[in-house]
Amino acid sequence: MSANDVVIAILRGPAHWMLGSRLTALRVTGTVTGAVHEFPVDYRRVGPTTIEVVPGAPETKKWWRNLRVAAPVEVLLKREWVPGVGVVVDRGGHPVVVIELGEQHRVAT
């Protein structure tokens, strides 16, 4: 079991609060392989149905490149996988993944 698998297992369980309120898991499907990738990420809410993920060390990571064009993703929020649509935007030369969740996942900001 990888370290990512352990973190995701904790995020899905009752002790998820131990990892803080800004850590979640993301599911992305590869555009070339079609493989589903799951990994922990830091995120922040920026609107009632919008979150942002800044890929750490983006030059060494490839997952975010699958979102150069808007594509379905899933985000683990409150121990539940929530569907959304993610797309990469450029913020001063750095990629940021903006994810729009459905209206049913609206929160007060």
Side-chain angles (χ1 to χ4, degrees):
M1 182 178 270
S2 73
N4 282 352
D5 293 336
V6 171
V7 170
I8 291 170
I10 293 169
L11 287 169
R12 293 186 70 182
H16 69 282
W17 57 270
M18 291 176 19
L19 295 177
S21 61
R22 293 185 50 146
L23 187 66
T24 191
L26 185 63
R27 275 187 190 152
V28 177
T29 301
T31 55
V32 174
T33 65
V36 176
H37 305 281
E38 273 182 20
F39 40 87
V41 294
D42 286 318
Y43 80 102
R44 68 183 181 122
R45 284 228 183 233
V46 294
T49 59
T50 307
I51 64 172
E52 289 184 345
V53 173
V54 178
E59 63 281 354
T60 64
K61 305 281 184 359
K62 296 183 181 181
W63 66 264
W64 59 270
R65 295 177 182 140
N66 291 300
L67 300 173
R68 288 182 177 158
V69 174
V73 298
E74 289 181 272
V75 182
L76 187 60
L77 298 174
K78 297 182 182 174
R79 301 171 54 192
E80 183 178 324
W81 287 104
V82 175
V85 175
V87 67
V88 172
V89 297
D90 183 280
R91 297 263 170 81
H94 301 285
V96 174
V97 178
V98 177
I99 300 171
E100 287 294 332
L101 306 172
E103 282 295 316
Q104 67 272 27
H105 301 289
R106 176 177 287 278
V107 295
T109 56

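Not measured: the values here are computed from a predicted model. Computation of the quantities below employed the complete heavy-atom set of this structure, encompassing side-chain atoms and omitting hydrogens, waters and symmetry-equivalent molecules.
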task: Apply side-chain hydrogen bond (donor to acceptor under 3.5 Å, both in side chains) to T29 and list each qualifying residue two or more places apart in sequence or on a separate chain.
output: none

field: Qualifying side chain to side chain donor-acceptor pair (under 3.5 Å) pairs with a residue from residues 86-96, counting only residues at least two apart or across chains
entry: E52-R91

field: Listed partners of T50 passing side-chain contact (heavy atoms from CB on, under 4.5 Å), at least two apart
entry: V46, V98, E100

field: Partners passing side-chain contact (heavy atoms from CB on, under 4.5 Å) against R79 (at least two apart in sequence or in another chain)
entry: P14, H16

- prompt: What pairs of residues pass the salt bridge (charged side-chain N to carboxylate O under 4.0 Å, His left out) test when at least one of them lies in residues 6-32, not counting sequence neighbours?
  reply: R27-E38, R27-E74

Separation of N66 CG from T31 OG1 (nearest 0.5 Å): 4.5 Å

statement: Across all chains, not counting sequence neighbours, the side-chain contact (heavy atoms from CB on, under 4.5 Å) partners of V69 are none

- request: Test side chain to side chain contact (heavy atoms under 4.5 Å, CB included) on L67 and V87 and set out the steps.
  value: CA-CA 5 Å; L67 300 173; V87 67; 5.6 Å; no

query: Are V54 and V88 connected, step by step, through hydrophobic side chains (Ile, Leu, Val, Met, Phe, Trp, Tyr) whose heavy atoms are closer than 4.5 Å?
result: no

- request: Using side-chain contact (heavy atoms from CB on, under 4.5 Å) as the criterion, list what pairs up with S2, not counting sequence neighbours.
  value: N4, D5

Nearest heavy atoms of P95 and P55, plus distance in Å: O-CD, 3.2 Å

message: According to a hydrophobic-cluster definition based on side-chain heavy atoms being under 4.5 Å apart (Ile, Leu, Val, Met, Phe, Trp, Tyr only), do V85 and V96 belong together?
response: no

In one Ile/Leu/Val/Met/Phe/Trp/Tyr side-chain cluster, 4.5 Å: V97, V82: yes

task: Would you mind telling me which of V41, D42, L19, I8 makes a side-chain contact (heavy atoms from CB on, under 4.5 Å) with T24?
output: V41

- prompt: Tell me the side chain to side chain donor-acceptor pair (under 3.5 Å) pairs involving residues 53-64, sequence neighbours left out?
  reply: none

query: Can you list the steps and then say if V75 with Y43 is a side chain to side chain contact (heavy atoms under 4.5 Å, CB included)?
result: CA-CA 10 Å; V75 182; Y43 80 102; 5.8 Å; no

- line: Taking every heavy atom of A25 against every heavy atom of L11, the minimum-distance pair comes out as N-CD1, 3.9 Å

Hydrophobic cluster of M18, others only, ordered by chain and residue number, side-chain cut-off 4.5 Å: W17

field: Side-chain heavy-atom pair L101, L77 within 4.5 angstrom cut-off
entry: yes

Interatomic spacing from CD1 in I51 to CD1 in I99 - rounded to 0.5 Å: 4.0 Å

